[in-house]
Amino acid sequence: TNQPVEIENPFFHEGLSITFVFVLFYNPETESSREVIPAIYELAHHTIDVKDFVVAMIDHSKNDIDDETINHIPTLRLFPKGKQNAALHK
């Protein structure tokens, strides 16, 4: 798809062994999140043909995510293929 995948399951990381997943953790109530969202849509559009790569978004305000590494919203994370518990932070 040329749009980001909206993740609604806080346990999304359990299926990461099949692909790279670039995730935006956001809160639609914050201006900083609303500013980043268009760039995520553009990234999804430009990577549509990239094998094993998914651009996704998860609404932090609707999901109980127990992750101490998410200190700020919005947060961008790349979950490398085959490394479910690893993430590269920005």
Side-chain angles (χ1 to χ4, degrees):
T1 180
N2 65 348
Q3 293 188 350
V5 175
E6 184 72 37
I7 299 172
E8 296 180 6
N9 180 353
F11 302 105
F12 69 92
H13 62 279
E14 294 176 357
L16 294 181
S17 63
I18 59 169
T19 191
F20 284 89
V21 181
F22 187 77
V23 181
L24 168 65
F25 295 87
Y26 74 102
N27 180 334
E29 301 293 321
T30 66
E31 182 177 344
S32 56
S33 288
R34 290 190 304 268
E35 290 174 352
V36 171
I37 290 172
I40 296 302
Y41 274 82
E42 185 174 340
L43 177 64
H45 175 74
H46 288 293
T47 58
I48 192 169
D49 294 325
V50 177
K51 183 179 177 175
D52 290 337
F53 185 81
V54 173
V55 177
M57 299 170 37
I58 187 165
D59 185 342
H60 195 267
S61 68
K62 292 182 180 178
N63 292 280
D64 184 22
I65 301 168
D66 185 23
D67 189 336
E68 296 174 3
T69 64
I70 300 175
N71 297 322
H72 306 304
I73 297 296
T75 294
L76 300 170
R77 292 179 68 185
L78 175 65
F79 292 87
K81 183 175 183 175
K83 298 182 181 179
Q84 294 179 356
N85 295 323
L88 304 176
H89 304 278
K90 180 172 193 285

Throw together a table of side-chain donor-acceptor distances under 3.5 angstrom for residues 24-31, partners on residues two or more places apart or in other chains.
unit_1, atom_1, unit_2, atom_2, d
Tyr26, OH, Glu6, OE1, 3.2
Tyr26, OH, Glu6, OE2, 3.0
Asn27, OD1, Glu29, N, 2.8
Thr30, OG1, Asn27, O, 3.0
Thr30, OG1, Ser33, N, 3.3
Thr30, OG1, Ser33, OG, 2.8

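- At a threshold of 4.5 Å between non-hydrogen side-chain atoms, the residues Phe79 and Val23 count as touching.
- Ser32 meets the side chain to side chain donor-acceptor pair (under 3.5 Å) test with no other residue; sequence neighbours excluded.
- How far CD1 of Ile58 is from OG1 of Thr75: 12.0 Å, rounded to the nearest 0.5 Å.
- Atom CE of Met57 is separated from atom CD1 of Ile40 by 7.5 Å, given to the nearest 0.5 angstrom.
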**OP:** Please report the C-alpha distance between Val54 and Phe20 in whole Å, then the side-chain angles of each, then the deciding distance to 0.1 Å, and finally whether the side chain to side chain contact (heavy atoms under 4.5 Å, CB included) criterion is met.
**Re:** CA-CA 6 Å; Val54 173; Phe20 284 89; over 6 Å; no

